[in-house]
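Numbering of ligands and ligand atoms starts at 1, following listing order. Atoms considered below: every heavy atom in the structure, side chains included; atoms not considered: hydrogens, waters and symmetry mates. For this chain, numbers begin at 1 and follow the sequence in order.
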Amino acid sequence: MEKNLSTYRAVQVVSKGKLELAEKPLLDPPAGHVRIRVEACGVCHSDAITVDGLLPIQYPRVPGHEAVGKIDVIGPGVEGWHVGQRVGVGFLGGNCGYCEYCRDGDLVNCTNQAFTGVQHDGGYAEVMIAKASGLMSVPDELSSVDAAPLLCAGITTFSALRNSPARAGDLVAIFGVGGLGHLGVQYARHMGFEVVAIDRGADRAELSKKLGAHHYIDGSTSDVAKALEALGGASVVVATASGGKAVAAALGGLRRGGVVISLGATDEPIELSAFELLFKGVGVEGALTGTPSAGDATLKFSALSDVAAMVETMPLERAAEAYARMMSGQARFRMVLTMV
Ligand SMILES: [Zn+2]
Ligand SMILES: [Zn+2]
């Protein structure tokens with residue numbers, strides 16, 4: 001069959017829970033945007049926002065916010081990027097540049113920022129249109145498949161650690177060695193921390209050590225807080241996919257002034273002891289992805305220190321299968337769709 005050059009293939013959500021392959025018309029990017037020939041796109045747990053309609057979604061909608069590809073067309077008014085350049089698009093769809101937060105340099109909290117694959121079409125596609133202000137620059141040393149999961153899982157853990165109060169040599173724990181955590185352990189090790197990996201089961205011990213952890217705590221057989229305390233107490237605990245109970249459990253393992261950074265997108269309440277907050281001066285924070293520049297740094301740091309996600313790839317047309325595998329928790333550890 002001859003390839004139609006005025007259309008491209010995409011996998012879109014047509015109604016809650018239903019992903020379908022579609023042929024879509026090729027459009028030029030509007031002002032401030034670029035068009036990208038997507039080469040790879042990671043499948044993230046947060047794609048459930050679109051697939052399962054966790055936020056109001058106008059269907060059909062193409063999910064995907066870990067997209068890597070080459071710029072194909074530059075829209076009016078875009079400066080600093082060129083055709084053929086390989087770029088990444090993450091969850092934050094591009095800041096506005098004029099709201100109060102942007103003007104204060106806080107691009108993550110821009111009040112006029114859409115989410116990629118949620119309010120506009122994302123990367124489960126051969127082509128996507130993205131706002132230039134959200135683009136990240138992909139170094140030549142990283143393949144598109146390797147770069148893709150770093151655009152959400154990578155930047156989230158990298159930024160959380162980089163912006164944390166922990167300094168080289170401090171005890172830092174990564175709670176949950178899954179999609180986010182297996183990257184978090186590697187970043188923490190390469191940033192020079194004494195790294196503790198926490199998960200359930202003995203099989204994760206070997207993997208955690210391989211990823212660079214100095215210690216492993218099996219949460220199914222030991223008390224996490226006590227085990228951390230025995231190691232001297234953590235300056236920072238990064239709680240990845242875990243819910244409120246894990247955050248509360250980690251709090252007891254902090255040293256004075258330590259902080260738990262929660263990355264798990266869950267509405268499970270966190271039960272805390274005010275005593276602990278008061279007498280140990282500890283804190284609980286959340287962290288949401290990062291700025292485009294933090295994304296550049298994530299990719300560059302990953303290339304420099306050989307940090308990589310463990311991925312399973314599937315061609316674009318098998319997106320529904322890839323999504324289901326990721327949601328089942330069976331993926332080791334990130335699914336990446338390939339377009340070429
Ligand atoms: Zn803004
Ligand atoms: Zn994500």
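Counting only distances under 2.8 Å, and ignoring water, the protein N, O or S atoms around the Zn ion (ligand 1) are C96 SG, C99 SG, C102 SG, C110 SG. Around the Zn ion (ligand 2), the protein atoms of type N, O or S found under 2.8 Å away are C44 SG, H65 NE2, C152 SG, listed by chain and number.
Of all heavy-atom pairs between L180 and A153, the closest is CD2-CA, 3.3 Å. Contact record, S137 with D296: N-OD1, 2.8 Å, taken as the closest heavy-atom pair. Of all non-hydrogen atoms in F333 and H182, the two that sit nearest each other are CB-CE1, 3.5 Å.
With hydrogens and angles disregarded, no donor-acceptor distance shorter than 3.5 Å links the side chain of S159 to the backbone of T156. Using modelled atom types, one side-chain atom of D121 and one backbone atom of V62 make a donor-acceptor pair closer than 3.5 Å.
In summary, D218 and R200 do not engage in a salt bridge, as defined by a charged side-chain N under 4.0 Å from a carboxylate O. K70 has a carboxylate O that lies under 4.0 Å from a charged side-chain N of E39, or vice versa, which qualifies the two as a salt bridge.
Across E66, H45, E312, a single residue satisfies side-chain hydrogen bond (donor to acceptor under 3.5 Å, both in side chains) together with R334, and that is E66.
Linking Ile, Leu, Val, Met, Phe, Trp and Tyr whenever their side-chain heavy atoms come within less than 4.5 Å leaves Y216 and L171 in two separate clusters.
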